[in-house]
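The next block holds one structure in the form of structure tokens; read it before the comments.
In what follows, every chain begins at residue 1, and chains take the letters A, B, ... in the order their sequences are listed.
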Protein chains: 2
Amino acid sequence: MNAVLNINITPIVKSKLSDLSLENIPFGKYFTDHMLVADYSNGVWKNVEIKPYAPLMLEPSLAALHYGQSIFEGIKAYKLHNGEVAIFRPDENFKRFNLSATRMQMPTVPEEIFIEGMRKLIQIDREWIPSLPDHSMYIRPFMFATDAVLGVKPSDSYKFIILLSPTGPYFSTPMRIYVEEKYTRAVTGGVGFSKNAGNYGSSMYPTSLAKEIGYDQVLWTDAFEHKYLQEVGMMNVFFIIGNQAITPSLEEGTILSGITRMSALVILAEMGLEVVEKKISIDELVAAHKAGTLREVFGAGTAATISLIKELKYQDEIMYFDTASWTIAPELKQRLNDIRQGKVADKYGWMFKVD
Amino acid sequence: MNAVLNINITPIVKSKLSDLSLENIPFGKYFTDHMLVADYSNGVWKNVEIKPYAPLMLEPSLAALHYGQSIFEGIKAYKLHNGEVAIFRPDENFKRFNLSATRMQMPTVPEEIFIEGMRKLIQIDREWIPSLPDHSMYIRPFMFATDAVLGVKPSDSYKFIILLSPTGPYFSTPMRIYVEEKYTRAVTGGVGFSKNAGNYGSSMYPTSLAKEIGYDQVLWTDAFEHKYLQEVGMMNVFFIIGNQAITPSLEEGTILSGITRMSALVILAEMGLEVVEKKISIDELVAAHKAGTLREVFGAGTAATISLIKELKYQDEIMYFDTASWTIAPELKQRLNDIRQGKVADKYGWMFKVD
């Protein structure tokens, strides 16, 4: 990487913003005026450019479409109460992005492009960030292989892009969850810890089967015994048992290391819970439920932040929860939101100011 | 699907063929004048068109790039000795394509588009099929998700495309293979049996590690014990032990059901071998090698047909083979080639005539 990075800026002629209301804007459907695009070839990143959002001309033999070298991240930026704009922990997404890149045999992206490019892009499209409560700017960095030949091999060329999509509140009613025992999302030695496109496509069929019988998402279990819990849908999962906040541990490489997950672990400890990252089985969960100590179950992810789970179906066992009486997940969500909207001091240094 | 399928044809103005020599043309690098494109939306396939090969205008939020709903097939067509053109077992690729589609929660493609569209496309670009020995026309049908929103869900719209790429002989020198014990390609309940893009991207990092220490490909093993053999690189694998031709069985859903594999099973039986599809462990292989009964080891796939393996490294055990003395793999390859080039009677009905 060059020591000095030039980001060429080609501004739009006329903003599309005036055509759009940002109030309750749906997730991931509208994009701002600009996007950042960078190209990788001959071992070097180049052509870093912020330019008008537009379709791409891509070869039908595009390597990413055939051989799946394609990774992404999801990040949120907020307009704070004092009018400043800040991004929630983009450094963690940056690290995870490059872990995904390595596992998928793709080049890493330098910080000057990922973080500084994101900062500049947000500055340019800052008027697009909704200032309404629970609204935010969803940031989607992604990278894909662009070689145009059909031989199976790591691509020599790649495109890195950052899109911005303003988003309203993510209303999620408490979910009904099906504990998956037939299909597998990830196994040790595979790519479950990386945020690559294939992990999502692979999960859609099992999820659709669960939806057919009335469930919202599946709770993934280990590939060997279908007993140890992994993730719920596209989110990390937490269980409050007694005074413990338990979440599946990362060391098997089957779980995405969520930024909301790692933040929740800090906040839950601050709230007085004993936080535990460990291998946890469905049997332990069922036993805790029977003993009356399983208090709350929820998902944690960037899009919905914290999603309550009101029902867990495991074989013939159905565990129902009265989510209206819960206190921990709602407080966790509130505390996270307060930090992200600048209502409380950012004592962990999680908010990355763009100005 | 409409009972009558219209394929609109927009011919090129001037063929690119005169600019190109088809002799020893490299694999997957050049494409013919035309491609077939069809669109799926609102539950219906439409806009089926054969038109000039050209880049596509795609949204940067293209679902396939973010969530990996992307599948493909590889098929070959041949110019026969009598001048006719035939495709090798496209009906089997058609069936497998739709199995992949279902697992990836994508729509199936009707036979009128997949098979009849392919036939018509080959007819139109038939001058591009090399008639030199060991040359062929590589056919690449593929389908990908085209929704342009970032919410994770099965796409509502898809594109199906067939590309044609003339290809010369695939010179593969006998390979050195590393038996993989850390990384995993596939596990029961996952997507190993489907030909989706993500399976290929996921395999590149482990393969590159093997290449760094001098091996050409990895031999994938099961996710639990790293003991039972799955595939070699992107190919199915065969072991000749005594009078048995053994290949890993399909029932665990971790292996691609190769068309070359299923054809090899027929030919090997015809050659007098006892063909066996079963779970086979590396220990069994090592024992057979020690006993002097492991005669040949080879990969079987569309691109290279049959690829000899001259070395297998498993832990500290290295098995060397004198491939020059082998008779079974070379004969299998010859018999397959003779059928595909129309030199012998097509007694199994494997060659699908395009005219």
Under 4.5 Å from a heavy atom of chain B, the part of [X] involved:
X      : result
A:T207 : neither
A:S202 : both
A:Y30  : neither
A:F142 : side chain
A:K159 : neither

Bottom line for B:M106: the part with an atom under 4.5 Å from chain A's heavy atoms is neither

At a heavy-atom distance under 4.5 Å, which candidate from [options] has the highest pair count against chain A?
options                      : answer
B:A64, B:S208, B:G233        : B:S208
B:P206, B:G68, B:A148, B:A63 : B:G68
B:Y67, B:F144, B:Y200, B:F72 : B:Y67
B:S61, B:P26, B:G198         : B:S61
B:M204, B:H226, B:K182       : B:M204
B:R140, B:M234, B:E59        : B:R140

Report task. Assert yes or no for the condition that the ring centre distance of A:F160 to A:Y40 is strictly below 6.0 Å. Result -> no

B:G74 and B:T302 have their tightest heavy-atom pair at O-OG1, 3.5 Å

Query raised in the report: Parallel under 30°, tilted from 30 to 60°, perpendicular over 60°: which one fits the rings of A:F97 and A:F114?
Result: tilted

Using a cut-off of 6.0 Å, state whether more than 12 heavy atoms not belonging to B:K29 lie near its atom NZ. no

So, B:S155 versus B:Q69: side-chain donor-acceptor pair below 3.5 Å or not? no

